[in-house]
Amino acid sequence: MRIATWNVNSVVARLDFVLDFLVTRQPDIVCVQELKIDDQGFPRLAFAQVGYAVATHGQPQWNGVAVFVRSEAAPPPEIVQAGLPGQEANGARLITVRALGLRVTSIYVPNGKSITHPDFAMKLGWLDALAAHLRETHEPDALSIVGGDFNLCPGDLDTWNPAAHVGRIFHTEAERSRFEALRTLGFKDLFREKYPNDATFSWWDYRAGAFHKKHGLRIDLLLGTDAVLDRVTSVSVDRDFRKKRSDRIPSDHAPVVVELDLPVG
DNA sequence: ATGTCCACTAGGAGTGGA
């Protein structure tokens with residue numbers, strides 16, 4: 001089974017990239033963030049035509065999350081939660097589905113803007129609410145995945161220039177301690193568990209040639225319970241989908257993909 | 001490099017967000 005997470009930075013602007021990712025990589029499940037479209041406007045038909053069912057929790061203009069499921073020989077995803085309880089006013093940032101025998105959550109953590117901005121406190125509160133929600137709904141023995149854009153670097157290996165970012169947003173102890181709380185709940189960082197010493201990034205700023213210069217961050221993460229972790233065979237970043245294609249502009253995030261030793265269906 | 005790209009409003013270029 002192949003499961004991915006990808007912040008697409010507008011599913012409408014990125015439709016060609018996203019459909020090509022599905023067709024060429026054939027992921028079984030994809031956690032998606034930054035749809036930037038409401039559920040009515042979501043281009044469902046285009047996804048059905050390439051064999052994917054979608055569960056969306058969108059809003060106009062900003063945010064929005066989804067889970068795509070390869071529909072060949074599989075029932076469509078069943079939505080079990082749309083929106084993080086108590087945090088609905090802060091944007092459409094969480095959806096949980098049951099699909100292919102797994103519980104899968106796609107999240108888009110608030111950016112926070114800067115550590116002095118009111119949005120930073122909102123971000124920390126959102127992460128606290130996420131931990132509380134995962135604690136309440138946790139099935140310790142289940143195959144559970146939380147994938148998404150966490151808008152934080154878990155450790156110094158996850159940032160291209162740690163010295164320049166000490167104490168800055170995405171790198172603060174306040175953010176990292178909340179990430180650690182998710183691990184304590186039983187949600188392990190699949191990439192880091194598999195590769196304790198690898199510096200691999202998933203996001204590069206559009207500006208200043210950051211991708212070319214390898215000035216990136218690892219902020220797009222797939223977390224899983226031990227039942228998932230035991231079945232991980234690889235975790236990779238699909239950098240091809242961060243590359244410009246003739247006149248087409250990519251998202252500033254690349255897909256992160258985990259391969260599991262787990263049959264589909 | 002304050003560097004780019006998105007959606008929205010508006011009917012063009014500016015704003016807010018990331």
Side-chain angles (χ1 to χ4, degrees), chain A residues 5-21 31-44 46 56-66 83-84 87-94 106-127 130 147-154 158-161 164-165 167-172 174-175 178-179 201-221 237 239-256:
Chain A
T5 186
W6 193 11
N7 179 324
V8 298
N9 187 18
S10 171
V11 74
V12 173
R14 217 68 58 205
L15 193 57
D16 290 353
F17 272 90
V18 176
L19 294 175
D20 186 60
F21 177 70
C31 299
V32 184
Q33 303 84 38
E34 281 210 88
L35 303 178
K36 295 189 173 181
I37 191 83
D38 61 17
D39 294 338
Q40 289 68 36
F42 188 95
R44 275 161 210 285
T56 67
H57 178 51
Q59 66 178 85
Q61 192 168 2
W62 293 313
N63 309 314
V65 287
L84 178 57
Q87 294 289 319
E88 292 87 349
N90 291 321
R93 298 177 179 276
L94 178 143
S106 175
I107 64 166
Y108 178 43
V109 176
N111 176 291
K113 294 192 178 75
S114 71
I115 62 171
T116 55
H117 194 282
D119 279 12
F120 186 67
M122 185 272 277
K123 176 183 195 173
L124 300 180
W126 196 94
L127 287 166
L130 175 66
D149 177 356
F150 283 70
N151 269 324
L152 62 86
C153 300
D158 303 313
T159 182
W160 66 276
N161 186 351
H165 289 93
R168 300 189 66 177
I169 197 157
F170 290 29
H171 304 73
T172 66
E175 291 159 299
R178 283 164 175 84
F179 183 72
F201 307 134
S202 65
W203 173 88
W204 299 262
D205 199 303
Y206 279 122
R207 296 169 286 190
F211 181 65
H212 182 69
K213 290 190 254 182
K214 305 190 188 306
H215 293 179
L217 306 175
R218 192 174 71 91
I219 58 178
D220 300 277
L221 311 172
V237 174
R239 290 171 50 95
D240 280 353
F241 284 86
R242 179 61 180 79
K243 296 174 182 171
K244 196 171 181 179
R245 297 182 177 184
S246 60
D247 60 336
R248 301 289 183 176
I249 296 162
S251 171
D252 44 354
H253 300 250
V256 180

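Chain identifiers are assigned alphabetically (A, B, ...) following the order of the sequence lines, protein sequences preceding nucleic acid strands; residue numbering begins at 1 within each chain.
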Nearest heavy-atom approach of A:Trp204 to A:Phe201 is CH2-O, 3.2 Å
Rounding to an integer number of angstrom, what distance separates B:dT2 and B:dG16 when you compare their C1' atoms? 16 Å
Ranking A:Glu34 and A:Ala208 by the position along DNA chain B of their nearest nucleotide, the one closer to 5' is A:Ala208
Ring centers of A:Phe21, A:Trp6 separated by less than 6.0 Å: yes
Is there a donor-acceptor contact under 3.5 Å linking the side chains of A:Asn111 and A:Lys123? no
Look at all strands and tell whether A:Ala13 reaches a base, only sugar-phosphate, or nothing, counting heavy atoms closer than 4.0 Å. sugar-phosphate
When rounded to the nearest Å, what value does the distance between P atoms of B:dC6 and B:dG11 take? 23 Å
Say we look at B:dC5 and B:dA10: how far apart would their P atoms be, to the nearest angstrom? 26 Å
Considering every strand and a 4.0 Å limit on heavy-atom distances, what is the contact class for A:Tyr108: base, sugar-phosphate, or nothing? sugar-phosphate
Can you classify the ring geometry of A:Phe241 versus A:Phe17 as parallel (below 30°), tilted (30 to 60°) or perpendicular (above 60°)? perpendicular
Using the C1' atom in both, what is the distance from B:dA18 to B:dG3, to the nearest Å? 15 Å
Distance between C1' atoms of B:dG12 and B:dA7 (Å, rounded): 16 Å
